[in-house]
Protein chains: 2
Amino acid sequence: MIKADERREEIADYVIKLGQVRIDDLVEHFGVSRMTIHRHIDRLAQQGVLRKLHGAVTVQPSGLYESAFRYRVTVNRAEKDALARAALDYVEAGQVVMLDDSSTANAVATLLLDVKPLTVITNSVATASLLTNVDELDFICLGGQYHNTYNAYIGIVCENAVAQMRANVLICSASAITGTTAFIQDPNVVRVKQAMMAASVKRILLIDHAKFDRIALHVFDDLTSFDVVLATEGLGDARAQALERAGVKLRIVKTKVP
Amino acid sequence: MIKADERREEIADYVIKLGQVRIDDLVEHFGVSRMTIHRHIDRLAQQGVLRKLHGAVTVQPSGLYESAFRYRVTVNRAEKDALARAALDYVEAGQVVMLDDSSTANAVATLLLDVKPLTVITNSVATASLLTNVDELDFICLGGQYHNTYNAYIGIVCENAVAQMRANVLICSASAITGTTAFIQDPNVVRVKQAMMAASVKRILLIDHAKFDRIALHVFDDLTSFDVVLATEGLGDARAQALERAGVKLRIVKTKVP
DNA sequence: CATATTGACGTTAAATTAACAGCGAGATAT
DNA sequence: ATATCTCGCTGTTAATTTAACGTCAATATG
């Protein structure tokens with residue numbers, strides 16, 4: 001269990017160092033079967049660390065890739081992946097999809113690569129690096145002031161840019177939930193997200209259950225404003241029923257994939 | 001996909017070395033069918049590395065400078081570095097600096113890290129990745145539609161974002177120069193650069209001498225519109241004097257660093 | 001008109017995937 | 001303590017998919 005994770009890190013480091021590596025090179029270098037290499041890099045590609053070509057793997061070619069963010073994305077990965085997979089039900093090929101700067105939305109981005117053609121809009125740097133140089137994918141980055149903590153562009157420039165657009169679907173997350181209210185910690189991030197809400201036809205909120213019964217500094221929006229609220233199981237029946245009574249369109253997502 | 005990439009690089013090197021090559025030569029030299037050569041050079045032409053004639057291929061008439069970003073960064077490294085170092089004379093700590101998507105401006109960005117505190121604005125992805133997470137440096141990214149060839153964000157979203165700002169200094173480059181006119185290959189890039197010109201108090205153009213006496217598709221601006229035009233030596237005294245007589249504020253930069 | 005180019009299609013080689021089986025480390029029950 | 005079970009990881013093989021190339025006919029071009 002540990003050994004495989006280490007092996008994956010070794011592979012990631014090796015590929016990042018060389019930029020582009022043939023799969024047979026990896027087979028030889030690590031002395032394992034081709035199949036095993038495939039399984040490793042599939043997972044790394046899933047996490048957005050690498051990109052598979054035919055016969056080789058590369059790092060994200062934009063150079064935007066920051067190793068510091070490589071494994072930050074993996075916190076609560078199982079839950080985020082489950083939410084992301086469920087969110088795909090609301091996206092169709094050809095649509096315009098807006099993603100916020102959350103790591104959950106970033107997980108959605110990795111899966112969106114299979115729903116091409118698409119237009120994707122985001123202010124997240126991590127997501128941006130995933131989506132550059134992808135065929136059949138029109139990518140628009142929301143600019144603005146770079147914010148270290150969120151690894152995203154925010155501020156008035158960003159808000160104005162959002163206001164110029166319309167997306168079919170917004171997929172976003174929040175810092176905390178209490179009752180039927182979603183909260184966000186940073187005031188500037190709130191403004192960007194609210195602009196995204198206004199610019200989108202369908203709005204989907206992705207929340208893992210650990211965020212319930214917490215608050216953050218600023219009110220983002222009421223849960224009833226979303227067309228769908230996807231939450232991981234563990235939320236509890238009582239709370240789920242209370243939310244549904246309050247008019248929230250809740251959908252519980254199973255984390256475990258049998 | 002990898003094998004073909006290598007083959008394409010071989011072809012590109014071969015053509016660049018000889019300047020112009022007949023397709024039948026390539027067929028013989030690489031021992032593949034005519035159709036395959038066509039497919040390869042089509043892709044290279046699409047990337048902007050080569051140009052197809054009837055029965056032959058040449059390197060781009062305006063040089064390599066409009067080709068894909070990864071071919072551009074390493075070209076004329078010494079000259080770009082010299083220009084970048086000279087450009088620093090026009091930047092003071094505390095100012096707002098705007099950089100375009102050129103590889104020359106990217107070279108400037110690496111040096112700007114020593115002139116903090118600064119506010120830097122750019123639409124270049126490569127430059128953006130250089131400037132994120134730097135202390136005492138306020139970084140604003142201009143968003144927009146991602147363009148693979150330039151590795152930058154362009155389009156109307158970008159233009160509007162630029163129009164919201166004012167910079168003390170703009171540092172930019174051009175694809176080609178003829179007489180006192182600067183040219184740019186891509187129409188959408190022209191618009192962004194012109195917006196940058198309008199948004200900046202002082203404008204600095206960085207040009208290596210290989211770009212003189214060439215044209216590209218679109219007129220960017222007249223050289224007299226710039227507060228300073230930095231060019232590498234090799235431009236020649238005759239042309240330099242002609243430019244100065246025409247009112248261009250020219251400064252020649254020595255490439256050699258003793 | 002001669003030659004270059006493009007598009008459609010078939011072939012081949014290679015890479016990827018799926019399915020199945022073996023192995024070893026805990027966990028659990030006897 | 002031992003046996004057994006489960007689970008994740010790995011390897012093998014076969015089936016499937018994909019990329020690359022060539023041929024030839026149709027079309028463009030100088």
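Bear in mind the structure is a predicted one, so any value in this text is a computation, not a measurement. A, B, ... follow the sequence lines: proteins, then strands. Residue 1 opens every chain.
Under a 3.5 Å cut-off, the side chain of B:S124 and the backbone N or O of B:A152 do not form any donor-acceptor pair. Checked by atom type and distance alone, the side chain of A:T178 pairs as donor or acceptor with a backbone atom of A:R214 at under 3.5 Å. A donor-acceptor distance shorter than 3.5 angstrom exists from the side chain of A:R51 to the backbone of A:L130, with no hydrogens or angles considered. Side-chain atoms of A:E28 never come within 3.5 Å of backbone atoms of A:D25 as a donor-acceptor pair (strictly under, hydrogens ignored).
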Taking protein heavy atoms under 4.0 Å as touching, what does nucleotides 13-23 of chain C look like 5' to 3' if B marks base contact, S marks sugar-phosphate-only contact and - marks none? --SBBB-----

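In this structure, B:Y146 and A:F139 have tilted ring planes: the angle between them lies in the 30° to 60° band. Relative ring orientation between A:F30 and A:Y14 is described as perpendicular, the plane-to-plane angle rising above 60° on a 0-90° scale split at 30° and 60°.
In terms of phosphate contacts, A:H40 brings no side-chain nitrogen or oxygen within less than 4.0 Å of OP1 or OP2 of D:dC9. For D:dG11, the OP1/OP2 oxygens have a side-chain nitrogen or oxygen of A:T36 closer than 4.0 Å. Checking the phosphate oxygens (OP1, OP2) of D:dG22, a side-chain nitrogen or oxygen of B:S33 falls inside 4.0 Å.
Distance, B:L26 CG to C:dT5 P: 11 Å, rounded to whole Å. When rounded to the nearest whole Å, the span between CD of A:E6 and C1' of D:dC9 equals 14 Å. A straight line from CD1 of A:I37 to P of D:dT12 spans 13 Å, rounded to a whole angstrom.
With a cut-off of 3.5 Å on both Watson-Crick or G-U wobble distances, the partner of C:dT3 is given as none. The partner of D:dA28, taking Watson-Crick or G-U wobble pairs whose two distances both stay under 3.5 Å, does not exist in any strand shown.
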